[in-house]
J.: 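Mind having a look at this structure? Questions to follow.
Numbers restart at 1 for each chain; the letters A, B, ... are given by sequence-line order, proteins then strands.
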There are 2 protein chains.
Amino acid sequence: MLTIGNLAKMTGTKVQTIRYYEQIGLMPEPGRTEGGQRRYTDTELDRLSFIRHSRQLGFSLDAIRELLDLSDHPDRPCREADGIARRQLKQVERRMARLEALRAELQRMVHECSGGSTADCRVLEVLRDHSECLTDHEEIGA
Amino acid sequence: MLTIGNLAKMTGTKVQTIRYYEQIGLMPEPGRTEGGQRRYTDTELDRLSFIRHSRQLGFSLDAIRELLDLSDHPDRPCREADGIARRQLKQVERRMARLEALRAELQRMVHECSGGSTADCRVLEVLRDHSECLTDHEEIGA
DNA sequence: TTTGAACCTCCAGTGGCTAGAGCATGTATC
DNA sequence: GATACATGCTCTAGCCACTGGAGGTTCAAA
C-alpha cells in the first residue's frame, strides 16, 4: 500500500497533481485509512505512470482519457489509439514548423543588433515594423 | 480616431484582448467619447502592433512590457533588448529540441502499430512502459 | 426617428496545474 | 503512553493569456 507521497515520488508527480487528477476523474478514488488518508495499489501506480508518460509526450488530459479508456478495453480495435497518436504527431510537427520560423526570425534580429543605443536597435525595430519580417507567423501561442 | 473595433481589425486582435491589455496596464487608457466609448490614435495603433508582433514571436507579456519600456527610452543601451531576444531565442531552441524528441517517439509508436486490437497496440504499450522509450523527455509541457 | 451594429462593464471559464492556510493523521522514538 | 514532526487532509485562490457571455448603452446611417 502506497501513500500519496510515495506514489508521487515513484512517478515524478506532485502530490497536489495526483489529487487534481482524482478530482477531474482521471484517477479513481483510492482506498482510505481509518483516518482518511489515501492508500494506493499497483493498479493505480500503473495508471498514473501511463498518464505521466502520456503527458510527457504532450497528450492533453482529454486525449489521455481516451487512451486510458481504450487501454481498458483490449478487444476494441487499435485504430482509435493509433488515430490519437497520429493527431498528436501532426500537432507536434505543426508546432515544430512554427518554432523553426520563429527561431529564424529571432536569430536574424539578434545577429543584426550592433549593440548601440535602443534608438537604433534592430531588435526593437523589427518588433515595431512587421514588414521587416521574412515569415508570416500569424497565429499566436501554440 | 479609431474605434476599438477598427483597431482590433487593423492589428488582428480581438476587442476583448485590447481591453484586457488596458486592464493589465500594457495599453494606456485611451480617450473616450462623451458616451464613454474608447477612441484610439496612431500612437496606440503602433503600440498594439508592437505588442502583437512580439506575441507572435512568442514573447511573454512581461517580456513585452520590458521591451516597450526600452523602446520608450531611445537613449538606453540596446544590450537589454538584445538580452531579452536572446533569452527568447534560447527558449525557442530548447522547445524545438524537446519537440524533436517527442516527434521521434510518436513516429516510432505510430509506425510500429500493426492495426490489430488494442490488446497488442504498440501505442498503448509504449505509453504503459516508459522503459521502451529511446529518449528521456522528462519535463512536461513547455 | 428608428434601426441595428458596435460599444460598454462585469463576471466566469479555459488547461493543467501549483501554492498556501489551517488543521488532522501516522509513525518513530523515548 | 507521550511527544515530535513529517506527511496527510480539505478548501480556496492564483498562474498565463486570453475568450465568451449576459445585460445594457451609444453611435451612425437611412
J.: Can you tell me which nucleotide in C:dC17, C:dA19, D:dA28 comes closest to the side chain of A:Leu61?
T.: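 It is C:dC17.
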J.: Check whether any side-chain heavy atom of B:Arg47 lies under 4.5 Å from a side-chain heavy atom of B:Tyr21, and answer yes or no.
T.: no
J.: Please report the distance, rounded to the nearest Å, between CG in A:Leu7 and C1' in D:dT7.
T.: 14 Å
J.: Identify which nucleotide among D:dC27, C:dA19, D:dG20 has an atom closest to any side-chain atom of B:Gln16, counting heavy atoms from C-beta outward.
T.: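 The answer is D:dG20, which lies nearest to the side chain.
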J.: Nearest to the side chain of A:Gln37 - D:dC9, D:dT26, C:dT18?
T.: D:dC9
J.: Counting heavy atoms from C-beta on, name the nucleotide in D:dA28, C:dA19, D:dT19 closest to the side chain of B:Tyr20.
T.: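 Nearest listed nucleotide: D:dT19.
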J.: Do A:Glu22 and A:Arg38 meet the salt-bridge criterion of a basic N to acidic O distance under 4.0 Å?
T.: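 Judged by the 4.0 Å cut-off on N to carboxylate O distance, A:Arg38 and A:Glu22 do form a salt bridge.
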J.: Ignoring backbone atoms, establish whether A:Arg52 has a side-chain N or O less than 4.0 Å from OP1 or OP2 of C:dC17.
T.: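 Yes, such a contact exists.
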J.: I'd like to know if A:Glu100 and A:Arg103 make a salt bridge, using a cut-off of under 4.0 Å between side-chain N and carboxylate O.
T.: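 The answer is yes: the pair qualifies as a salt bridge.
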J.: Between A:Lys90 and A:Glu93, is the closest basic N to carboxylate O distance under 4.0 Å?
T.: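 Salt bridge flag = no for A:Lys90 with A:Glu93.
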J.: Let's see if you can work this out: which of D:dG8, C:dA19, C:dG16 has an atom nearest to the side-chain heavy atoms of A:Ser60?
T.: C:dG16
J.: Closest nucleotide of DNA chain C for A:Gly36 versus for A:Arg19: which of these residues is on the 5' side?
T.: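 The 5'-side residue here is A:Arg19.
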J.: Please report, rounded to the nearest Å, how far the C1' atom of C:dG16 is from the CD atom of A:Gln23.
T.: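 Value for this atom pair: 12 Å.
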